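Below, chains carry the letters A, B, ... as their sequence lines are ordered, and counting in each starts from 1. Here the structure is a predicted model, which means the values were calculated and not measured.
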Amino acid sequence: MTPDLFDDLPAEHLPEIIAEGAVILRRFALDRAERLLGVIGEVTELAPLRRMKTPGGHAMSVAMSCCGEQGWVTDTRGYRYQSDDPLSGRPWPSMRDVFRTLAREAASAAGYEGFCPDACLINRYEPGAKMGLHQDRDEHDFKQPIVSVTLGLSQVFQFGGLRRNERPVNIPLHHGDVVVWGGPARLRYHGVLTLKAGDHPLTGPCRYNLTFRRAR
DNA sequence: CAGTCTCG
DNA sequence: GACG
């Protein structure tokens, strides 16, 4: 994470370092936000957003779908990646180029070269929806970073430590912001606070989050 | 426990 | 922070 890694980035994309191995790229996805939202519409027509159940039996407040070779799912049996949408029994929609390219470019801008995601989780937050602190630990290779993209309404991201009882830092994320974490930050707890009501010109009353991972 | 609930 |  030396500054010279970022010499060729536009000033507005200079990373805000939030922990060793974790950066925010403000407005990094702004120029392609409408295309990304169009693809979200296309993917969720094939694999509808749905509220899944946690192993404890509670419904998540966030509606989720996936694209790519692998999709993250949860039900009363646990968390896992699988190649088929449990709703349809068919493979997840393919990873679109605009998604893959954004993920690779953001990872590169954060110092992680050669990122090649096989999974994109699509999260839709409506007012009242949140995601408690958790670790992304269902992937095989924790050397591969996580890339997280905010579209639409702003929401407060929490970035914590390696144990759930460490106090997280609160980071407001806005339309187009991208967060990347890997290396020593890869297993840090993270989540988002309850989404407040609002109205965004491109998404209306919600926030979309794209999370890119290398599952296998 | 990617959850809800409770206490200070 | 407990919870199971």
* Structure fact -> Out of B/dA2, B/dC1, B/dG3, minimum distance to the side chain of A/R164 belongs to B/dG3
Result block: side-chain N/O donor-acceptor pairs under 3.5 angstrom for residues 33-41 of chain A, not counting sequence neighbours:
none

* To do: Classify the nucleic acid contact of A/H58 as base, sugar-phosphate or nothing, counting any heavy atom under 4.0 Å across all strands shown.
  => sugar-phosphate
* Asked: How is A/M60 classified with respect to the nucleic acid when contacts are heavy atoms under 4.0 Å: base, sugar-phosphate, or nothing?
  -> sugar-phosphate
* Is there a donor N/O on one and an acceptor N/O on the other, under 3.5 Å, for the side chain of A/D138 and the base of B/dA2? -> yes
* Send over the distance from A/L193 CG to B/dG3 C1', rounded to a whole Å. => 16 Å
* Separation of atom CG in A/N165 from atom P in C/dG1, rounded to whole Å -> 6 Å
* Asked: Rounded to whole angstrom units, what separation is found between the CD atom of A/Q158 and the P atom of B/dG3?
  -> 11 Å
* To do: Could you check A/K130, A/Q158, A/Q155 and say which one makes a side-chain contact (heavy atoms from CB on, under 4.5 Å) with A/L193?
  => A/Q158
* Assign A/R213 to base, sugar-phosphate, or nothing according to its heavy-atom contacts below 4.0 angstrom with the strands shown. => base
* With C1' as the reference atom in both, quote the distance from B/dC1 to B/dT6 in angstrom, rounded to an integer. => 16 Å
* Check: A/R51 side chain, B/dG3 base, donor-acceptor under 3.5 Å -> no
* N-O pairing of A/D85 and A/R90 below 4.0 Å -> no
* **A/H190 NE2 - B/dC1 C1' separation (whole Å)** => 14 Å
* Asked: How close or far is atom C1' of B/dC1 from atom CG of A/D136, stated in whole angstroms?
  -> 15 Å
* Answer with base, sugar-phosphate or nothing: what part of the nucleic acid does A/K130 contact at a heavy-atom distance below 4.0 Å? => sugar-phosphate
* Partner of B/dT4 by Watson-Crick or G-U wobble geometry, both contacts under 3.5 Å, or none? -> C/dA2
* Give one of base, sugar-phosphate or nothing for A/T74, where a contact means two heavy atoms less than 4.0 Å apart. => nothing
* Structure fact -> From CG of A/D75 across to P of B/dA2 the rounded distance in Å is 14 Å
* To do: Assess whether atom CD of A/E69 is packed by more than 12 heavy atoms of other residues, nucleotides or ligands within 6.0 Å.
  => no
* To do: Could you state the atom-to-atom distance from NZ of A/K53 to P of B/dT4 in whole Å?
  => 13 Å
* Expressed in angstrom and rounded to an integer, what is the separation of A/R50 atom CZ from B/dA2 atom C1'? -> 15 Å
* Asked: Does A/R104 make a cation-pi contact with A/F115 (under 6.0 Å, within 45 degrees of the axis)?
  -> no
